[in-house]
Visitor: 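One structure is given below, represented as structure tokens, and several questions about it will come after.
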Amino acid sequence: MMQSRDPKRKIFLIATEESGDRLGSALMKVLRQRLGDGVQFVGVGGRTMAREGLETLFPIEELSIVGFAGVVQQLPKILRLIRQTADAVTAAAPDALVIIDSPDFTHRVARRVRAKTPEIPIVDYVAPQLWAWRPGRARTMRRYVDHVLGLLPFEPEEYRKLGGPPCSYVGHPLIEQLPSLRPNAEEQRRRDAEPPVLLVLPGSRRSEIRHHLDVFGATLGRLQAEGRAFELKLPTMPHLEATIREGIASWPVKPQIVVGETERRAAFRTARAALAKSGTVTLELALSGIPMVTAYRVGAIEAFILRRAIRVSSVILANLVIGEDVIPEFLQEDCVPEKLAPALSELLTDTPLRKRQVDSFARLDTIMSTGNKSPSVLAADIVLATMRKGRRQQTAS
């Protein structure tokens, strides 16, 4: 008697930012390699996930909202999209739901899905940073997340201590990109040559750029006025170029604007130091071996809330991964040219501060190692295991 063919596995993915879109695309690629034509992808994603075959419910640009004020203004729209997405998951009845970063949106969807259809396994790709603030979320997450995929090596232990759902370290996507971050012999010679290449990185969102451009420009002007020679480069993306050009019009020292990911990485490979807004870019710079000074400014309301919520000694990702505060950070009222310029000046020559950062960065490959498997492969392994476990439980019931 002929057996009926096993139906296609259906996986619902939700990614609402470009970084999540890239993670989702890499995950989809591995899942398709494992399951072949026996997998169907549905959900919410951007252009990169679309190239892997995802038809998105709505353009992710609809959720490109930054800051508390922006969220308040767009709240009715956000709530509508949360309901729409959760209803789509329930209607699709997938073998697994993978929510990727953007917890303010994806976790609200996941909670609704778990309440309506508790049999759908849910995997959270990119561990929310509850070890940094709002640790009480860990126990709450156990109710609607079956497994968390951490990008940072210390996250599984933090989730265990906080009573959160099972968490596995799968590796940061940057560790797959090391060849494009590290200089070849010729690029290393430029990194060591005079005048040094100095990167300035004011942020990847318009609101961040507005908060940092003026103080960064004044800092660089102060550095130049003190007689410090440097070649200044400002990497950005095409959709931000006009904002950057308008913002630097009054700078006393004009940077070379570097547009696009390929040119951005080329600038990283020759840079000797960087002035950067804190965030994921600090880990990217550290893996590139570039000493840095970091700064961060937000609006007064956000600053008031964050000061009372943050529970870590540093907001610099690279510091947290290394386990030491080797990178200086200047936050809010400390984010001023009078403090930034002297710290940055120290990094342009061979000083103890520079050497300490370089030596610490050299340890990152070992600290962040995932063995012989890439992050996307490790993530796919856990998604498949969670999906099969969910199917077995449904069959048993």
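These numbers were taken from a predicted model, which means no experiment stands behind them.
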Visitor: Any idea which heavy atoms bring Leu344 and Ala274 closest together, and the distance?
Guide: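 Nearest pair, atom of Leu344 first, then Ala274: CD1-O, 3.7 Å.
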Visitor: Just so I know, are the side chains of Leu285 and Leu199 near enough to count as touching, which here means a heavy-atom distance under 4.5 Å?
Guide: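 Of all side-chain heavy-atom pairs linking Leu199 with Leu285, at least one is under 4.5 Å.
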Visitor: How long is the span from the CE atom in Met49 to the CG atom in Leu27, to the nearest 0.5 Å?
Guide: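 The CG atom of Leu27 is 8.0 Å from CE of Met49, to the nearest 0.5 Å.
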Visitor: At what distance, to the nearest 0.5 angstrom, does OG1 of Thr270 lie from CD of Glu231?
Guide: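 Interatomic distance, Thr270 OG1 to Glu231 CD, rounded to 0.5 Å: 7.0 Å.
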Visitor: So, for Ala110 and Ile122, which heavy atoms are closest and what is the spacing to 0.1 Å?
Guide: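 Looking at all heavy atoms of both residues, the closest pair is O-CD1, 3.8 Å.
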Visitor: Side chain to side chain donor-acceptor pair (under 3.5 Å): which pairs involve residues 241-257, sequence neighbours left out?
Guide: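 Sorted pair list: Arg206-Thr243, Glu241-Arg245.
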Visitor: Test side-chain contact (heavy atoms from CB on, under 4.5 Å) on Ile248 and Leu234 and set out the steps.
Guide: CA-CA 10 Å; Ile248 66 164; Leu234 196 164; 4.1 Å; yes
Visitor: What's the spacing between Leu220 CG and Arg228 CZ if we round to 0.5 Å?
Guide: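 CZ of Arg228 is found 13.0 Å from CG of Leu220.
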Visitor: Is any side-chain N of the basic residue among Arg190 and Glu187 closer than 4.0 Å to the acidic one's carboxylate O?
Guide: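 Salt bridge between Arg190 and Glu187, a charged N being under 4.0 Å from a carboxylate O: no.
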Visitor: Taking the basic N atoms (NZ, or NE/NH1/NH2) and the acidic carboxylate oxygens, is any pair closer than 4.0 Å for Asp37 and Arg32?
Guide: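 No, no charged N to carboxylate O under 4.0 Å.
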Visitor: Just how far is it from atom OG1 of Thr294 to atom CG of Leu275, taken to the nearest 0.5 Å?
Guide: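 One gets 9.0 Å once the value is rounded to the nearest 0.5 Å.
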Visitor: For atom CD of Glu261, is the number of surrounding heavy atoms from other residues, nucleotides or ligands below 6.0 Å larger than 12?
Guide: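 Atom CD in Glu261 is crowded, with more than 12 foreign heavy atoms closer than 6.0 Å.
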Visitor: Just jot down the side chain to side chain donor-acceptor pair (under 3.5 Å) partners of Lys233, sequence neighbours excluded, or say none.
Guide: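 Here no residue qualifies.
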Visitor: Is a side-chain donor or acceptor of Thr85 paired with a backbone partner of Leu81 at a separation under 3.5 angstrom?
Guide: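 Pair found, side chain donor or acceptor close to backbone of Leu81.
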Visitor: Distance from Asp334 atom CG to Leu340 atom CG, nearest 0.5 Å?
Guide: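 Asp334 atom CG to Leu340 atom CG measures 9.0 Å (nearest 0.5 Å).
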Visitor: I need the minimum non-hydrogen distance between Leu54 and Gly43, along with the two atoms involved.
Guide: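 What the structure gives for the nearest pair is CD1-N, 3.5 Å.
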Visitor: Do Val336 and Val200 sit in one hydrophobic cluster, given that two such residues count as connected whenever their side-chain heavy atoms are within less than 4.5 Å of each other, even indirectly?
Guide: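 No.
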Visitor: Residues two or more places apart in sequence or in another chain: which of them pass side chain to side chain donor-acceptor pair (under 3.5 Å) with Arg112?
Guide: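 Result, side chain to side chain donor-acceptor pair (under 3.5 Å) vs Arg112: none returned.
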Visitor: Checking side-chain contact (heavy atoms from CB on, under 4.5 Å) for the pair Leu223/Ser345: CA distance, chi angles, key distance, verdict?
Guide: CA-CA 7 Å; Leu223 209 59; Ser345 182; 3.7 Å; yes
Visitor: Any side-chain to backbone donor/acceptor pair from Arg191 onto Phe268? Under 3.5 Å, distance only.
Guide: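 Yes; at least one donor-acceptor contact below 3.5 Å.
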Visitor: Among Val98, Val123, Asp95, find the residue that satisfies the side chain to side chain contact (heavy atoms under 4.5 Å, CB included) test when tested with Thr386.
Guide: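 Only one option passes, and that is Val123.
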Visitor: With sequence neighbours left out, which residue pairs that include part of residues 107-130 fulfil the ring pair (Phe, Tyr, Trp, His ring centres under 6.0 Å) condition?
Guide: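 Output for this query lists His107-Tyr144.
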Visitor: If you measure from the Lys or Arg side-chain nitrogens to the Asp or Glu carboxylate oxygens, is any gap between Arg205 and Glu17 under 4.0 Å?
Guide: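 Glu17 and Arg205: salt-bridged.
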Visitor: Would the distance check show the side chain of Thr117 and the main-chain N or O of Glu119 forming a donor-acceptor pair, the cut-off being under 3.5 Å?
Guide: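 No, because the side chain of Thr117 does not come within donor-acceptor range (under 3.5 Å) of the backbone of Glu119.
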Visitor: Would you say that more than 12 heavy atoms from the other residues, nucleotides or ligands in this model lie under 6.0 Å from the CD of Gln40, or not?
Guide: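 Counting other residues, nucleotides and ligands, CD of Gln40 exceeds 12 neighbours.
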Visitor: Tell me whether Met387 is reachable from Val39 by hopping between hydrophobic residues (I, L, V, M, F, W, Y) whose side-chain heavy atoms are closer than 4.5 Å.
Guide: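 As far as the 4.5 Å side-chain criterion goes, Met387 and Val39 are connected within one cluster.
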Visitor: For Tyr159 and Met141, what are the C-alpha separation, side-chain angles and deciding distance, and is it a side-chain contact (heavy atoms from CB on, under 4.5 Å)?
Guide: CA-CA 10 Å; Tyr159 269 71; Met141 280 176 63; 4.0 Å; yes
Visitor: Decide yes or no on side-chain contact (heavy atoms from CB on, under 4.5 Å) for Leu152 and Leu320, but give the supporting numbers first.
Guide: CA-CA 9 Å; Leu152 305 173; Leu320 295 170; over 6 Å; no
Visitor: Quick one: hydrophobic cluster around Val30, which other residues, with the 4.5 Å side-chain cut-off, linked directly or via members?
Guide: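 Under the 4.5 Å side-chain rule, Val30 groups with Val377.
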Visitor: Quick check: do Pro166 and Val148 have side-chain heavy atoms less than 4.5 Å from each other?
Guide: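 Result no, sub-4.5 Å side-chain heavy-atom pair not found.
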Visitor: Among residues at least two apart in sequence or on other chains, which ones pass side chain to side chain donor-acceptor pair (under 3.5 Å) with Thr48?
Guide: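 With sequence neighbours excluded, Thr48 shows a side chain to side chain donor-acceptor pair (under 3.5 Å) to Asp21, given in chain and number order.
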Visitor: Is there a donor-acceptor contact under 3.5 Å from the side chain of Ser288 to the main chain of Ile290?
Guide: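 Answer holds: no.
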Visitor: For the pair Glu61 and Arg47, find out whether any cationic side-chain nitrogen is under 4.0 Å from an anionic carboxylate oxygen.
Guide: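 Salt bridge present between Glu61 and Arg47.
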Visitor: Taking only residues two or more places apart in sequence or in another chain, which ones pass ring pair (Phe, Tyr, Trp, His ring centres under 6.0 Å) with Phe216?
Guide: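 Ring pair (Phe, Tyr, Trp, His ring centres under 6.0 Å) list for Phe216, sorted by chain: His212.
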Visitor: To the nearest 0.5 Å, what is the distance between CG (Asp146) and CG (Asp124)?
Guide: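 It comes to 10.5 Å.
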Visitor: Counting only pairs under 3.5 Å, give me each side-chain donor-acceptor contact of residues 169-180, with atom names and distances, residues two or more places apart or in other chains.
Guide:
{"from": "Tyr169", "atom 1": "OH", "to": "Met368", "atom 2": "O", "distance (Å)": "2.6"}
{"from": "His172", "atom 1": "ND1", "to": "Leu174", "atom 2": "N", "distance (Å)": "3.1"}
{"from": "Gln177", "atom 1": "OE1", "to": "Arg265", "atom 2": "NH1", "distance (Å)": "3.2"}
{"from": "Gln177", "atom 1": "OE1", "to": "Arg265", "atom 2": "NH2", "distance (Å)": "2.6"}
{"from": "Gln177", "atom 1": "NE2", "to": "Pro173", "atom 2": "O", "distance (Å)": "3.3"}
{"from": "Ser180", "atom 1": "OG", "to": "Gln177", "atom 2": "O", "distance (Å)": "2.9"}
{"from": "Ser180", "atom 1": "OG", "to": "Arg265", "atom 2": "NH1", "distance (Å)": "2.6"}

Visitor: Run the salt bridge (charged side-chain N to carboxylate O under 4.0 Å, His left out) test on Glu186 and Arg189 for me, step by step, so that the C-alpha distance in whole Å, both residues' side-chain angles and the decisive distance to 0.1 Å come before the verdict.
Guide: CA-CA 5 Å; Glu186 182 181 350; Arg189 284 192 290 273; 5.2 Å; no
Visitor: Just jot down the side chain to side chain donor-acceptor pair (under 3.5 Å) partners of Lys10, sequence neighbours excluded, or say none.
Guide: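 Partners of Lys10 under the side chain to side chain donor-acceptor pair (under 3.5 Å) test: none.
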Visitor: Under 4.5 Å between any side-chain heavy atoms of Phe12 and Val109, yes or no?
Guide: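 A side-chain contact under 4.5 Å is absent here.
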Visitor: Using a 3.5 Å cut-off and no angle test, enumerate the donor-acceptor pairs between side-chain atoms of residues 352-365 and protein atoms at least two apart in sequence or in another chain.
Guide:
{"from": "Arg354", "atom 1": "NH1", "to": "Arg272", "atom 2": "O", "distance (Å)": "2.7"}
{"from": "Arg354", "atom 1": "NH1", "to": "Leu347", "atom 2": "O", "distance (Å)": "2.8"}
{"from": "Arg354", "atom 1": "NH2", "to": "Arg272", "atom 2": "O", "distance (Å)": "3.4"}
{"from": "Lys355", "atom 1": "NZ", "to": "Asp359", "atom 2": "OD2", "distance (Å)": "2.7"}
{"from": "Arg356", "atom 1": "NH2", "to": "Glu324", "atom 2": "OE1", "distance (Å)": "3.3"}
{"from": "Gln357", "atom 1": "OE1", "to": "Met292", "atom 2": "N", "distance (Å)": "2.9"}
{"from": "Gln357", "atom 1": "NE2", "to": "Met292", "atom 2": "O", "distance (Å)": "3.1"}
{"from": "Ser360", "atom 1": "OG", "to": "Arg356", "atom 2": "O", "distance (Å)": "2.9"}
{"from": "Arg363", "atom 1": "NH1", "to": "Glu324", "atom 2": "OE2", "distance (Å)": "3.1"}
{"from": "Arg363", "atom 1": "NH2", "to": "Ile322", "atom 2": "O", "distance (Å)": "3.4"}
{"from": "Asp365", "atom 1": "OD1", "to": "Arg182", "atom 2": "NH2", "distance (Å)": "2.7"}
{"from": "Asp365", "atom 1": "OD2", "to": "Arg182", "atom 2": "NH1", "distance (Å)": "3.3"}

Visitor: Do Gln188 and Asn184 have side-chain atoms, one donor and one acceptor, less than 3.5 Å apart?
Guide: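 No.
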Visitor: Quick one: side chain to side chain donor-acceptor pair (under 3.5 Å) pairs with a partner in residues 375-384, sequence neighbours left out?
Guide: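 Listed by first then second residue: Arg34-Asp381, Lys373-Asp381, Ser374-Ser376.
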Visitor: Does any pair with a residue in residues 15-41 pass ring pair (Phe, Tyr, Trp, His ring centres under 6.0 Å), and if so which ones, sequence neighbours excluded?
Guide: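 The answer is none; no pair qualifies.
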Visitor: Check whether Thr16 reaches the backbone of Ile60 with its side chain - one donor and one acceptor, N or O, closer than 3.5 Å.
Guide: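 Side chain of Thr16 to backbone of Ile60: no pair is present.
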Visitor: Given 3.5 Å as the limit, does a donor-acceptor pair link the side chain of Asn319 with the main chain of Val326, or not?
Guide: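 Looks like yes, one N/O pair under 3.5 Å.
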